J.: 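Dropping a structure here in structure tokens format, bear with me for questions.
No experiment lies behind these values; they were computed from the predicted model shown. Per chain, numbering begins at 1; letters A, B, ... match sequence-line order.
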Protein chains: 2
Amino acid sequence: MNNIDLVKIFKALSSEQRLNIFIMLYEWNQTISEGTADCLCLEDGVEKCFTKTCDCLDLSKSTISHHFKELENAGLINCTRIGQSSVCKINMKAIQAIRDFLK
Amino acid sequence: MNNIDLVKIFKALSSEQRLNIFIMLYEWNQTISEGTADCLCLEDGVEKCFTKTCDCLDLSKSTISHHFKELENAGLINCTRIGQSSVCKINMKAIQAIRDFLK
DNA sequence: TTTATTGTTTCATAATAATCGAACTCTTTG
DNA sequence: CAAAGAGTTCGATTATTATGAAACAATAAA
């Protein structure tokens with residue numbers, strides 16, 4: 001993990017809205033691994049993460065779609081589409097890279 | 001450490017130049033704690049960090065001054081002036097906050 | 001096969017951030 | 001005290017980012 005990658009990660013988390021989105025996704029993923037999720041969970045990811053995020057934030061879906069893309073480009077999440085649902089997974093390697101920062 | 005504080009930290013590290021500056025400061029601080037620093041070290045910080053940074057980067061000192069200020073505002077470093085020298089210290093609490101991210 | 005639903009992409013705009021030169025303050029040195 | 005050195009602040013410019021409306025594609029439902 002070189003500096004450029006960390007810059008991409010830090011940049012992705014440097015907007016309050018995107019950090020909010022990321023934290024929500026992270027917590028939803030946790031409820032899945034705990035088995036307490038209140039949603040259908042496909043392929044170990046959060047189902048309908050996009051819709052759920054739109055419900056939680058006062059932003060247009062267009063903007064939220066842009067934010068998802070930035071988180072994905074930074075390698076923080078992986079999103080796929082299953083039917084009409086967007087399924088979203090946290091990339092724990094990126095999290096680990098943050099935790100290893102300057103260690 | 002709430003989200004806002006993390007946003008400030010991530011924002012401060014989200015520019016390639018500022019991340020470079022921060023990593024240099026971090027490493028200079030380490031040479032001090034190892035006792036291998038080649039400079040006079042005042043108050044457990046890096047002496048002449050500003051001048052040294054200006055020597056390492058192709059940026060105006062005005063711009064570098066702004067970057068220092070942003071790192072300081074984010075709580076990542078603490079700078080003081082001793083004589084003509086700017087003395088700079090890494091705030092390890094901020095580093096720890098990053099490492100604790102979503103833990 | 002229409003009609004919703006879900007999300008993406010394009011385009012434009014407003015807001016932020018990065019950068020630098022020049023003028024400035026404070027400190028040291030001659 | 002004059003001159004030089006170390007950083008800061010101000011003002012302006014350029015580059016980047018955040019945002020949303022509208023058109024779009026893909027899927028599901030009626």
J.: Taking OP1 and OP2 of D:dG5, is either one under 4.0 Å from a side-chain nitrogen or oxygen of B:Lys48?
T.: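 Looking at the OP1 and OP2 atoms of D:dG5, neither is under 4.0 Å from any side-chain N or O of B:Lys48.
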J.: A:His67: what forms a side chain to side chain contact (heavy atoms under 4.5 Å, CB included) with it, not counting sequence neighbours?
T.: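 Once residues adjacent in sequence are excluded, the partners of A:His67 under the side chain to side chain contact (heavy atoms under 4.5 Å, CB included) criterion are A:Ser15, A:Gln17, A:Arg18, A:Ile21, A:Leu59, A:Thr63.
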J.: Using side chain to side chain contact (heavy atoms under 4.5 Å, CB included), reason through A:Leu76 and A:Leu13 one step at a time and then give a plain yes or no.
T.: CA-CA 9 Å; A:Leu76 283 159; A:Leu13 298 174; 3.8 Å; yes
J.: Only counting residues at least two apart or in another chain, list the ones meeting side chain to side chain contact (heavy atoms under 4.5 Å, CB included) with A:Lys61.
T.: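 Side chain to side chain contact (heavy atoms under 4.5 Å, CB included) check on A:Lys61 returns A:Phe50, A:Cys54.
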J.: Tell me whether A:Glu72 contacts the main-chain N or O of A:Cys79 through its side chain, where contact means a donor paired with an acceptor under 3.5 Å.
T.: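 Yes, the answer is positive, given that a donor and an acceptor are paired below the 3.5 Å cut-off.
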J.: Going by side chain to side chain contact (heavy atoms under 4.5 Å, CB included), name the residues that satisfy it together with A:Gln84, two or more places apart in sequence or in a different chain.
T.: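 A:Gln84 satisfies side chain to side chain contact (heavy atoms under 4.5 Å, CB included) with no other residue.
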J.: Rounded off to whole Å, could you give me the CD-to-C1' distance for the A:Gln17 and C:dA15 pair?
T.: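 In whole Å, C:dA15 C1' and A:Gln17 CD are 14 Å from each other.
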J.: Start with the C-alpha distance between A:Asn29 and A:Tyr26, add both sets of side-chain angles, then the distance that settles side chain to side chain contact (heavy atoms under 4.5 Å, CB included), and finish with yes or no.
T.: CA-CA 5 Å; A:Asn29 266 260; A:Tyr26 185 86; 5.8 Å; no
J.: Respond yes when some side-chain nitrogen or oxygen of A:Arg18 is under 4.0 Å from OP1 or OP2 of D:dT17, and no when none is.
T.: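 So the side chain of A:Arg18 is outside the cut-off, no N or O lying under 4.0 Å from OP1 or OP2 of D:dT17.
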J.: Write out a two-atom table: protein N or O, nucleotide N or O from nucleotides 27-30 of chain D, distance below 3.5 Å.
T.:
{"unit_1": "D:dT27", "atom_1": "O2", "unit_2": "A:Gln84", "atom_2": "NE2", "d": "3.3"}
{"unit_1": "D:dA28", "atom_1": "O4'", "unit_2": "A:Gln84", "atom_2": "OE1", "d": "3.3"}

J.: Can you list every salt bridge (charged side-chain N to carboxylate O under 4.0 Å, His left out) pair that touches residues 94-103 of chain B, not counting sequence neighbours?
T.: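 As it turns out, there is no salt bridge (charged side-chain N to carboxylate O under 4.0 Å, His left out) pair with a partner in residues 94-103 of chain B once direct neighbours are skipped.
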J.: Are OP1 or OP2 of C:dT16 and a side-chain N or O of B:Lys11 less than 4.0 angstrom apart?
T.: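 B:Lys11 to C:dT16 OP1/OP2: no side-chain N or O under 4.0 Å.
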J.: Any ring-ring contact (aromatic ring centres under 6.0 Å, His included) involving residues 75-103 of chain A? Give me the pairs, sequence neighbours left out, ordered by first then second residue.
T.: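 For residues 75-103 of chain A: A:Phe10-A:Phe101.
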J.: Rounded to whole angstroms, how far apart are CD on A:Glu47 and C1' on C:dT6?
T.: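 It works out to 12 Å between those atoms.
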J.: Rounded to the nearest angstrom, tell me the gap between atom CZ in B:Phe68 and atom P in D:dA6.
T.: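 Taking atom P of D:dA6 as the reference, CZ of B:Phe68 is at 14 Å.
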J.: Would you kindly give the NE2-to-P distance between B:His67 and D:dG7, to the nearest whole Å?
T.: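 The distance from NE2 of B:His67 to P of D:dG7 comes to 17 Å, rounded to the nearest Å.
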J.: A:Glu16 CD to D:dT17 P: how many Å, rounded?
T.: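 So the two atoms are 18 Å apart, to the nearest Å.
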J.: Round to the nearest Å and state the distance from B:Ile21 atom CD1 to C:dT19 atom C1'.
T.: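 Rounding to the nearest Å, CD1 of B:Ile21 and C1' of C:dT19 are 12 Å apart.
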J.: Quick one: which of A:Ile95, A:Asn91, A:Ile90 gives a side chain to side chain contact (heavy atoms under 4.5 Å, CB included) with A:Lys93?
T.: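 Considering A:Ile95, A:Asn91, A:Ile90, a side chain to side chain contact (heavy atoms under 4.5 Å, CB included) with A:Lys93 is found only for A:Asn91.
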J.: Which comes earlier along DNA chain D counting from the 5' end, the contact point of A:Ser14 or that of B:Phe50, where each point is its nearest nucleotide?
T.: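 The residue closer to the strand's 5' end, by nearest nucleotide, is B:Phe50.
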J.: With sequence neighbours excluded, tell me which residues meet side chain to side chain contact (heavy atoms under 4.5 Å, CB included) with A:Asn73.
T.: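 Scan of A:Asn73 (side chain to side chain contact (heavy atoms under 4.5 Å, CB included), adjacent residues dropped) gives A:Lys69.
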J.: Just the rounded figure in Å: distance from C1' of D:dT16 to NZ of A:Lys8.
T.: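 About 16 Å, once rounded to whole Å.
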J.: What parts of residues 71-78 of chain B reach DNA chain D, counting only heavy atoms under 4.0 Å away?
T.: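 Hits under 4.0 Å, by residue number: none.
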J.: Among residues 57-66 of chain B, which ones have heavy-atom contacts with DNA chain D below 4.0 Å?
T.: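 Of all residues in residues 57-66 of chain B, the ones placing a heavy atom under 4.0 Å from DNA chain D are B:Lys61, B:Ser62, B:Ser65, B:His66.
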J.: Per the ring-ring contact (aromatic ring centres under 6.0 Å, His included) rule, what does the pair list look like for residues 70-99 of chain A, sequence neighbours excluded?
T.: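 Not a single pair qualifies under ring-ring contact (aromatic ring centres under 6.0 Å, His included).
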